[in-house]
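Reading through the structure tokens given below for one structure.
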Amino acid sequence: MTADAQRAEQALVIVPTYNEVENIARLVHEILSQPAPLHVLIVDDNSPDGTGAVADALAAEDERVQVVHRPAKLGLGTAYTCGFERALAEGYGYAITMDADFSHNPRYLPNLLALAQTHD
């Protein structure tokens with residue numbers, strides 16, 4: 001299978017952050033531990049609590065994690081737009097949005113992705 005074909009089967013989980021230093025590492029680890037082809041894009045809005053630095057450390061330890069640092073608190077909608085643009089540009093077959101505060105449980109991601117794949 002080519003790299004492009006592999007990417008088309010993967011999902012990019014877009015996680016906007018602002019002051020999520022207490023949650024982000026655990027959330028990313030839980031997302032990546034799911035039995036599904038998931039990658040994570042953290043879109044950080046210049047969190048003053050150090051979320052961006054933790055995100056960078058996560059990206060340094062796992063190539064499935066990417067980080068976008070934005071210069072200010074620009075809002076949820078534009079963070080998702082940034083993530084969708086990245087997913088399209090990099091050829092991901094799926095983009096999933098997720099809050100960093102665990103209001104969305106990562107354990108549901110494999111079933112969500114499987115359901116999406118059956119409707120392609």
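Numbers here simply count residues along the sequence, with the first being 1.
- Closest approach of L58 to A25, counting heavy atoms only: CD1-CA, 3.8 Å.
- Follow the hydrophobic side-chain contacts under 4.5 Å out from L41 and you never reach V54; the two are in separate clusters.
- Inter-residue side-chain proximity for T78 and R70 is flagged as met; some heavy-atom pair is nearer than 4.5 Å.
- Rounding to the nearest 0.5 Å gives a distance of 5.5 Å between CZ of F84 and OG1 of T97.
- Between P71 and N46, the shortest heavy-atom contact is O-ND2, 3.2 Å.
- For the pair Q66/E90, a side-chain contact is recorded, criterion being any heavy-atom separation below 4.5 Å from C-beta on.
- Between A95 and I14, the shortest heavy-atom distance links the atoms CB-CD1, 4.1 Å.
- With contacts defined as side-chain heavy-atom distances shorter than 4.5 Å, the pair H69/D56 qualifies.
- In this structure, E61 places its CD atom where more than 12 heavy-atom neighbours from other residues, nucleotides or ligands lie under 6.0 Å away.
- For the pair V43 and Y80, the minimum side-chain heavy-atom distance is 4.5 Å or more.
- Annotation for P110 and P35: closest pair CG-CD, 3.8 Å, computed over non-hydrogen atoms.
- Contact of the V15 side chain with the E20 side chain is not registered, since no non-hydrogen atoms from C-beta on lie closer than 4.5 Å.
- At least one donor-acceptor pair closer than 3.5 Å links the side chain of D45 to the backbone N or O of L74.
- A continuous path of ILVMFWY side-chain contacts below 4.5 Å connects F102 to V13, so both sit in one hydrophobic cluster.
- Distance check: N19 CG to K73 NZ gives 7.5 Å after rounding to the nearest 0.5 Å.
- Annotation: side chain of P106 is in contact with side chain of L27 (closest heavy-atom distance under 4.5 Å).
- Residues Y94 and Y108 do not share a hydrophobic cluster, defined by chaining ILVMFWY side chains whose heavy atoms lie under 4.5 Å apart.
- By the neighbour-count criterion of 12 heavy atoms within 6.0 Å, atom CD of E30 is densely surrounded, having more than that number from other residues, nucleotides or ligands.
- I42 is connected to L109 through a chain of hydrophobic side-chain contacts under 4.5 Å among Ile, Leu, Val, Met, Phe, Trp and Tyr, so both are in one cluster.
- Here the options are E9, R86, Q10, the test is side-chain contact (heavy atoms from CB on, under 4.5 Å), and the partner is Y92; only Q10 passes.
- Between Q34 atom CD and L112 atom CG the span is 11.5 Å, to the nearest 0.5 Å.
- Going from atom CD1 of I24 over to atom CG of D101 covers 10.5 Å, rounded to the nearest 0.5 Å.
- Looking at every heavy atom in both residues, V40 comes nearest to L12 through C-CD1, 3.9 Å.
- Rounding to the nearest 0.5 angstrom, the gap separating the CG atom in N105 from the CD1 atom in I31 is 10.0 Å.
- In terms of heavy atoms, R64 sits closest to L32 at NH1-O, 3.5 Å.
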